[in-house]
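I have placed the structure first, in the form of structure tokens, so that the comments after it can refer back to it.
The basis for the numbers below is simple: all heavy atoms, side chains too, and nothing from hydrogens, waters or symmetry mates. Note that the numbering runs from 1 along the sequence shown for the chain.
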Amino acid sequence: QTIQTVKNLRPVIPESVYRSATLDGLSVSDARSLLDGSAFGCGSPLAAVIDLRNSDEIRKGEAERGEGAEYFYSVLTEDGAAAAAAATT
């Protein structure tokens, strides 16, 4: 599936590491495709997002986030917290 709401999404290491512009404009369907891995055709769920923006850019993006980006980041936060909790028990 092609992601329509993220600019410049491309592989750095195919099926492993990707880069893109901000994810703050994600649609809900694109967010689901990124999270479940179907966007990359590999079927593996997304493991992490590394945000290289500075704090001012992140705050600006948070203020402009749509429904898809809110969903995306909430799932990543829940999954990340669950994984961290499982690793410490």
Side-chain angles (χ1 to χ4, degrees):
Q1 175 180 356
T2 302
I3 300 297
Q4 299 294 318
T5 56
V6 176
K7 293 180 183 177
N8 208 17
L9 179 64
R10 64 187 189 280
V12 175
I13 302 171
E15 295 187 17
S16 180
V17 177
Y18 292 79
R19 67 168 294 155
S20 73
T22 180
L23 300 176
D24 293 321
L26 274 175
S27 68
V28 173
S29 64
D30 283 352
R32 288 186 178 130
S33 295
L34 286 173
L35 290 166
D36 70 15
S38 64
F40 310 118
C42 62
S44 298
L46 184 69
V49 171
I50 301 169
D51 195 336
L52 300 176
R53 298 176 293 172
N54 66 41
S55 58
D56 290 336
E57 293 170 320
I58 291 170
R59 275 194 297 277
K60 180 181 176 194
E62 287 173 345
E64 298 172 357
R65 278 187 190 158
E67 182 180 357
E70 291 292 342
Y71 169 75
F72 179 82
Y73 286 111
S74 72
V75 170
L76 275 183
T77 302
E78 290 169 10
D79 287 351
T88 60
T89 56

Walk me through whether Leu23 and Tyr73 qualify under side chain to side chain contact (heavy atoms under 4.5 Å, CB included).
CA-CA 9 Å; Leu23 300 176; Tyr73 286 111; 3.6 Å; yes
Closest heavy-atom pair, Gly68 versus Ala31, reported as atoms and distance to 0.1 Å, is O-CB, 3.5 Å
Contact list for residues 16-39, test ring-ring contact (aromatic ring centres under 6.0 Å, His included), sequence neighbours left out:
Tyr18-Phe40
Tracing side-chain links under 4.5 Å among I, L, V, M, F, W and Y, which residues wind up in one group with Val28?
none
Would you give the length of the straight line joining atom CD of Glu67 to atom CG of Leu26, rounded to the nearest 0.5 angstrom?
11.5 Å
Can you see which heavy atom on Asp24 is nearest to which on Arg65, and at what distance?
OD1-NE, 2.7 Å
Name all residues meeting the salt bridge (Lys or Arg N to Asp or Glu O under 4.0 Å) criterion together with Asp51; count only those two or more places apart in sequence or in a different chain, and write none if there are none.
Arg53
Quick check: closest heavy atoms across Ala39 and Ile3, and the distance to 0.1 Å?
CB-CD1, 3.5 Å
Measuring from Glu62:CD to Glu70:CD, what's the distance to the nearest 0.5 Å?
8.5 Å
Between CG on residue Leu34 and OG1 on residue Thr5, distance to nearest 0.5 Å:
7.5 Å
In terms of hydrophobic clusters joined by side-chain contacts under 4.5 Å, are Phe72 and Ile58 together?
no
Residue pair Thr22 / Val6: nearest heavy atoms and the distance that separates them:
O-CG1, 4.1 Å
Glu64, CD atom: more than 12 neighbouring heavy atoms under 6.0 Å:
yes
I need the Ser20 OG to Lys7 NZ distance, nearest 0.5 Å.
11.5 Å
